[in-house]
Structure formats: C-alpha cells, structure tokens
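Atoms within a ligand are numbered from 1 in the order they appear, just like the ligands themselves.
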Amino acid sequence: MILLIDAGNTRIKWGIVRDGQWLAEGALRHDQLDQLHALAAAHVGIRRVFGSNVAGLRTAAGIAEALGDSAPAPQWLHSSAECCGVRNAYDTPAQLGSDRWAALIGARALQPAACLVVNAGTATTVDVLDAAGTFQGGIILPGEHLMRRSLARDTAQLPLADGHYAAAPRNTADAITSGCRNAQAGAVERMFRQIAREPLSRCLLSGGGADALAELLDVPFSRVDNLVLKGLAVVATGTAAT
Ligand SMILES: Nc1ncnc2c1ncn2[C@@H]1O[C@H](COP(=O)(O)OP(=O)(O)OP(=O)(O)O)[C@@H](O)[C@H]1O
Ligand SMILES: CC(C)(CO)[C@@H](O)C(=O)NCCC(=O)O
Ligand SMILES: [K+]
C-alpha cells in the first residue's frame, strides 16, 4: 500500500493505492495537515509515502511532521530529464514543477498520443506532450480564482466577483467571471494548435477548474480526476492504477 500526496499551493490532495487500485482519495487544506496522521494510521500497511510538493519546504516538513510515526518518511518526486518514458525538454529539467512532471507522466500512461496536459488549480498549467512522449514546453497562468482576486485587489471599482459565464456579459460580475474563464479556455485552445494536426491528439483536463473549462472548449478533451496523483502512481509502481 502506498500513500501518494500532491501538495499544491492551496490544497494537499492524497490517494492510497494497493495492487494497482485506488482505495481512497481526498484533499486537505494546509491548516488541516494534522489529519494526515489519522489517515495513515487508518490504513495499516503503508510501505511508502511518495509525493509531489510545489508548496515549499515548510509544507514538506509539515507533512513529514504530521505523519510522524504513522507511515514511512515521505519521498518527493523531482523533475528530471527522463522518467517512465517521458522526456523533459525544459531548459533546466529540475526547474519544472513536480506536479506538472507527474501529470505529464500520468498523461503518457493514459494516452500514448500527442496531448495537451491541462491542470487548472491555483495556477493553471498547459503543457505540450508530443506523440513520442517528449514534453516540448508549456505555459503557466493564474488560475481563474487568482485572476478574479487580482482584479479585486488592484482596482478601485471591481469587486471579488462570483458571476456567471456569458458570451456577452451585461453586468460587472458576469464580465469578470467570463473574462477570466475565457482567458483560461483561450490559453488552452491556443496551445492546442501546436498538436491539433497530430493523430488522436486531445487535451487532458484535471484540477478544480476542469469542469468549468470543459464547458467552453471547442477542442477535443477528456476529463481526468487527480492526474498528478495518477502520475505519481505510475512513478511509484510502474503502472497506472485504476
Ligand atoms: N466552480 C468553479 N468554476 C470555475 N473554476 C473553478 C471552480 N471551482 C474551482 N475552480 C478553479 O479551480 C481552482 C482550484 O482547483 P484545485 O482544487 O485543483 O486546486 P487546488 O488544489 O486548490 O490547487 P493547488 O493544486 O494549486 O493547491 C481554483 O483556483 C479555480 O480557479
Ligand atoms: C506552476 C505551479 C505553481 C503549478 O502548480 C508549479 O508547477 C510550480 O511551482 N512550478 C515551478 C516552475 C515551473 O514549473 O516552471
Ligand atoms: K496548481
């Protein structure tokens, strides 16, 4: 049994796999790390804790401390030049966020064709994986909530809007929500042009913003829950858990 952890900037997602099967999954806020101990203690037989952490050294230390003696010390994925059949063309491979690297590895295991790996979380990342399994590069933009928050923080007249998406918004809240969502979808559609002509190419959408994106996209896509955890499972066990 392996405990997998995806520590992001807003939340910590976790999953437990045994013999290629997911036993349980969940998410915690950073102020709920103490729950990890009970979680691990409730699953007797965890032989490894493996994760991605893009939330800083304090979070890594906090996770290790919270687990305490309930599980083995966590090991963290570091992006490298090659792993599980995926090559990393980043200028400095180790600089690539380990969540992006895990998601690319998970995507390759799910879909051995060119694909656009989209993770809509605190930040949104849109990464190009070619048909040969090489990560060619990708973009980072603020996630939808972060975009909306930045407008509220740095303007005089704009509130923290919770509007509805509309093609031609006629009020401020809808204008903000629709603008930020169009920015997300537009970024994905523009990046997709790089692989649109490849056979069977599609976007894999993951993260809390994936459903909202899916409603807008006019390129082929599949929704994948917890793609980062799925990629971590591939690295830890050599196969994709189901
Ligand atoms: N109903 C929604 N409509 C549109 N976007 C949403 C909605 N719910 C969540 N999101 C987007 O999803 C993001 C949260 O996604 P997710 O839960 O994957 O991230 P997180 O775990 O908080 O992020 P991280 O991995 O960086 O910690 C928010 O920042 C927001 O942009
Ligand atoms: C872009 C985020 C914040 C997405 O979670 C993370 O992958 C990260 O901190 N990356 C490091 C920088 C990079 O990927 O180039
Ligand atoms: K993120």
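Those atoms of ligand 1 with a heavy atom of Asn9 less than 4.0 angstrom away are 24 (P), 26 (O), 27 (O). Near Leu96, with a cut-off below 4.0 Å to any heavy atom, the atoms of ligand 2 are 14 (O). Close approach of ligand 2 to Gln95 is summarised as follows: ligand atoms under 4.0 Å from at least one heavy atom of the residue are 11 (C), 12 (C), 13 (C), 14 (O), 15 (O). Close approach of ligand 1 to Lys13 is summarised as follows: ligand atoms under 4.0 Å from at least one heavy atom of the residue are 20 (P), 21 (O), 23 (O), 24 (P), 25 (O), 27 (O). Near Ala120, meaning under 4.0 Å from one of its heavy atoms, ligand 1 places the atoms 12 (O), 13 (C), 15 (O), 18 (O). For ligand 2, the atoms sitting less than 4.0 Å from at least one non-hydrogen atom of Arg100 are 7 (O), 13 (C), 14 (O), 15 (O), numbered in the order shown with element in parentheses. In the vicinity of Arg181, heavy-atom distances shorter than 4.0 Å reach the ligand 1 atoms 3 (N), 4 (C). Counting atoms of ligand 2 from 1 in the listed order, those under 4.0 Å from a heavy atom of Tyr90 are 13 (C), 14 (O), 15 (O). Within ligand 1, the atoms closer than 4.0 Å to a non-hydrogen atom of Gly8 are 24 (P), 25 (O), 27 (O), numbered from 1 in the order shown. Atoms of ligand 2 found under 4.0 Å from any heavy atom of Asn9, numbered from 1 in the order shown, are 3 (C). Annotation for ligand 2: atoms under 4.0 Å from non-hydrogen atoms of Gly97 are 7 (O), 10 (N), 11 (C), 13 (C), 14 (O). Taking every heavy atom of Gly208 and a limit of under 4.0 angstrom, the matching atoms of ligand 1 come to 6 (C), 7 (C), 8 (N), 9 (C), 10 (N), 11 (C), 12 (O), 15 (O), 16 (P), 17 (O), 18 (O).
Between Thr125 and ligand 2, no N or O atom pair is found at a separation short of 3.5 Å. Backbone and side-chain nitrogen or oxygen atoms of Leu146 are examined, and none is located within less than 3.5 angstrom of a nitrogen or oxygen of ligand 1.
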Glu82 vs Arg87, salt bridge (Lys or Arg N to Asp or Glu O under 4.0 Å): CA-CA, chis, key distance, verdict
CA-CA 4 Å; Glu82 199 279 333; Arg87 251 182 35 78; over 6 Å; no
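Of the options Asp211, Thr10, Thr122, the smallest heavy-atom separation from atom 26 (O) of ligand 1 is shown by Thr122. Looking at Thr10, Asp99, Asp91, Asp6 and measuring to atom 2 (C) of ligand 2, the nearest heavy atom belongs to Asp99. One option in Ala123, Gly207, Ala27, Gly121 has a heavy atom closer to atom 13 (C) of ligand 1 than any other, and that option is Gly121. Remark: among candidates Ala212, Ser52, Ser206, the nearest residue to atom 4 (C) of ligand 1 is Ala212, based on non-hydrogen atoms.
Counting heavy atoms from C-beta on, the side chains of Leu96 and Asn88 come closer than 4.5 Å.
In this structure, a donor-acceptor pair under 3.5 Å is absent between the side chains of Ser79 and Ser98. When only modelled atom types and interatomic distance are considered, Glu25 and Asn226 share a side-chain donor-acceptor pair under 3.5 Å.
Around atom CZ of Arg190, no more than 12 heavy atoms belonging to other residues, nucleotides or ligands sit under 6.0 Å away. Residue Asp154 qualifies as enclosed at atom CG: its count of foreign heavy atoms under 6.0 Å is above 12. Annotation: Leu200, atom CG; neighbour count of heavy atoms from other residues, nucleotides and ligands within 6.0 Å does not exceed 12. Remark: Arg18 CZ is loosely packed, at most 12 non-hydrogen atoms of other residues, nucleotides or ligands lying under 6.0 Å away.
Shortest non-hydrogen contact noted between Asn119 and Gly207 is OD1-CA, 3.7 Å.
Side chain of Ser178 to backbone of Ala166: a donor-acceptor contact under 3.5 angstrom is found. Listed for the Gln95 side chain is no donor-acceptor partner under 3.5 Å among the backbone atoms of Thr92.
In summary, Lys230 and Asp225 do not engage in a salt bridge, as defined by a charged side-chain N under 4.0 Å from a carboxylate O.
Here Thr122 has no heavy atoms under 4.0 Å from ligand 2, in either its backbone or its side chain.
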